[in-house]
Protein chains: 2
Amino acid sequence: MNREETQNGDSFKVSSSLGERQIIEIIRDHLDIMPNMPVPFGDDVSAINIGEGKLLVLKTDMLVGKTDVPPSMSLWQAARKAVVMTVSDFASKGAKPQVGLISLGLPKNTNEGDIEEIAEGLNEGAREYNTYLVGGDTNEASDLIIAVSLVGIADGPPLMLRNGAKAGDIVAVTGSFGQTTAGLRILLEDLEVTQDLRDVLVRSVFVPRAKLDEGIALRNSKAATASIDSSDGLAWSLHEIAEKSNVGFFIDKLPISDEVKRVAQLNRVDAVELALYGGEEYELVVTVNPKLWVKAVKAVEAAGGSLFPIGKATKNNRLELSVDYGKREIEKRGWEHFKSN
Amino acid sequence: MNREETQNGDSFKVSSSLGERQIIEIIRDHLDIMPNMPVPFGDDVSAINIGEGKLLVLKTDMLVGKTDVPPSMSLWQAARKAVVMTVSDFASKGAKPQVGLISLGLPKNTNEGDIEEIAEGLNEGAREYNTYLVGGDTNEASDLIIAVSLVGIADGPPLMLRNGAKAGDIVAVTGSFGQTTAGLRILLEDLEVTQDLRDVLVRSVFVPRAKLDEGIALRNSKAATASIDSSDGLAWSLHEIAEKSNVGFFIDKLPISDEVKRVAQLNRVDAVELALYGGEEYELVVTVNPKLWVKAVKAVEAAGGSLFPIGKATKNNRLELSVDYGKREIEKRGWEHFKSN
């Protein structure tokens, strides 16, 4: 849920002077950093060594009603999504969350039915990924706040970090892009759509899925060199791996679903824009050692998923997308929280 | 930070129709409960078995600016306290937190200096207890929200739970009571005080200390049969142990500090009321096997603390305080969040 770049030409910007990533940097600069952290600060999860080759893996993610929940999303959906988006960070490292804690801020007018809906959504999000919620805290707050903290113990192969990509690696993703961005724009800007398009695209916003089995399979395959989820958009994710791994990317097969292409045509918006600069999308973006490509594909397919090659990691630090007339720069920006007051 | 009883005669009540404990019960009723949890739901921390006799111990606690931070408390103090109150839950079980995550909701007008102050307070709270903050999330919110999640691995003797007290056990505490309640009332109601009294009592609110070393020493001594912290007030803590352990308590030595007695006299308020029905106080309230009493005291003293016997656990389920003219019932109530809008 961390995006601080403003979205190009759109009206849903966070207007605070300090962006989220700036805030996180200021905080980090004032913290004593734990020695020998097996996962660098700023990756999708945190971890510590707990001996015998095991890692304690942990992550917190915070959903705020007014900036993260579109008007027509139900409390059940919002609560489930708060868990799923945190699971997705574990998915991207190939680690299994085991238990979770919830910190819940509830506006004063919250009634018993609302709380039941939130509880059921939280439970659903956890149980779908074989995780249990084991505790929490609640407090009155002006906004709906759902902070989810997940914890798991990992052993076996190293976690897939953001910093391991090498020039020549195949870049791959676990699904197509643009649905949630199109869905959000349908909800927030009344993009023109047919009912069937609306159903598919809005559902991608309301009932997202984390690619946990795929992530675990990839880690066990030892074929992936770097991994991140696409919660901040595909472009953002590629930039993150590029910066942390010191590589560039040449993307020549951008997977855009038919629904996104259709809504783009209908509204004369750029489908590539929707696919690259979206967010709230929980696919995995990974780099794979080309010698182990088949192994990676088989592992993900055995886990019930798919792995689509979309390009290559390059030696130069440019991020480029192949288009009909040549190349187009992939910018470092993504979808912003959609409302700030 | 969970109190849902209204405070007797005071004006700082949470007015929402559902209390926090009711909300937690509704949520729990809608969660799949993890099998074989080594710590029952509703104790100070959660835990799961991770093999080889080890427990993963975890806890989240949420501080909300408008209900938990008195007007004159600094952001540094609020942030530090958010960590300390979570450490206190670990202290009460005798478990050591190792790492923490922060979910931070920041109002739009938060500036860089504010964030630095918050970060330094968080770090101070963690480092005082030899814990590291290793990750977090931040988001714009209407209130200041600081949700702290701490995690640690525990091996060795069983955690001290709320449910192990036996009739005949000595009830003991790690310090005196009433300071924070007096301090809060000085801040919120302008109780009459001298400057030296004010300094001591307000400091207890602004810079609380968790009794982590004492808790760990007690657990290692294997002398304590039950334990809880007093964050919801001494009376509340005694009721919790009594209910979970199916005992009663007869309290004959209520430890009230001189400062609290003096402020009570000065303002004609009941010092016993301040000591029993307070909150935001982070002493440990434990029951000790009388045969192991000396061992418990020595353990706590070796850890740099003190253990004061205040009464006995009884077979009947009454909670009574010995007073000059006989007995007085200890009611199940505590200090409420001090402001709700």
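Proteins come first, then strands; the chains are lettered A, B, ... in the order of their sequence lines, and each starts at number 1.
For Asn111(A), the part sitting under 4.5 Å from any heavy atom of chain B is the backbone (N, CA, C, O) and nothing else. Using a 4.5 Å cut-off between heavy atoms, Glu124(A) makes no contact with chain B at all. For Leu56(B), the part lying near chain A is the side chain, with the backbone staying farther off; criterion is any non-hydrogen pair under 4.5 Å. Looking at Ile153(A), only its side chain comes within 4.5 Å of chain B, counting heavy atoms on both sides. With a threshold of 4.5 angstrom between heavy atoms, Leu106(A) approaches chain B through side-chain atoms but not through N, CA, C or O. Residue Met37(A) touches chain B through its side chain alone, counting heavy-atom pairs closer than 4.5 Å. For Ile48(A), the part lying under 4.5 angstrom from a heavy atom of chain B is the side chain only. Looking at Leu104(A), the atoms closer than 4.5 Å to chain B (heavy atoms on both sides) sit in the backbone and in the side chain alike.
Scanning all heavy atoms of the two residues, the minimum distance from Phe41(B) to Gly135(A) falls at CZ-N, 4.2 Å.
Rounded to the nearest 0.5 angstrom, Ile102(B) CD1 and Thr60(A) OG1 are separated by 9.0 Å. The line from CG of Asp143(B) to CD of Glu140(A) is 9.0 Å long, rounded to the nearest 0.5 Å. Atom CG in Leu31(B) sits 5.5 Å away from atom CG in Leu133(A) (nearest 0.5 Å). Distance check: Lys54(A) NZ to Glu52(B) CD gives 5.0 Å after rounding to the nearest 0.5 Å. Separation of atoms CE (Met34(B)) and OG1 (Thr131(A)) is listed at 8.5 Å; rounding is to 0.5 Å. The CG atom of Asn139(A) sits 5.0 Å away from the CG atom of Asp68(B) when rounded to the nearest 0.5 Å.
Judged by distance alone, the side chain of Asn123(B) and the main-chain N or O of Asp32(A) form a donor-acceptor pair under 3.5 Å.
Side chains of Ser142(A) and Ser142(B): no donor on one and acceptor on the other come within 3.5 Å.
Comparing Gly42(B), Ala147(B), Ala141(B), Ser149(B) by how many heavy-atom pairs each has under 4.5 Å with chain A, the most go to Ala141(B). Contact tally against chain A (heavy-atom pairs below 4.5 Å) for Val151(B), Leu58(B), Ile33(B), Ile50(B): the top residue is Leu58(B).
Annotation: side chain of Ile27(B) is in contact with side chain of Ile115(A) (closest heavy-atom distance under 4.5 Å). Side-chain atoms of Ser46(A) and Leu101(B), non-hydrogen and from C-beta on, do get closer than 4.5 Å to each other. Contact check for Ile145(B) versus Met62(A): side-chain heavy atoms found under the 4.5 Å cut-off.
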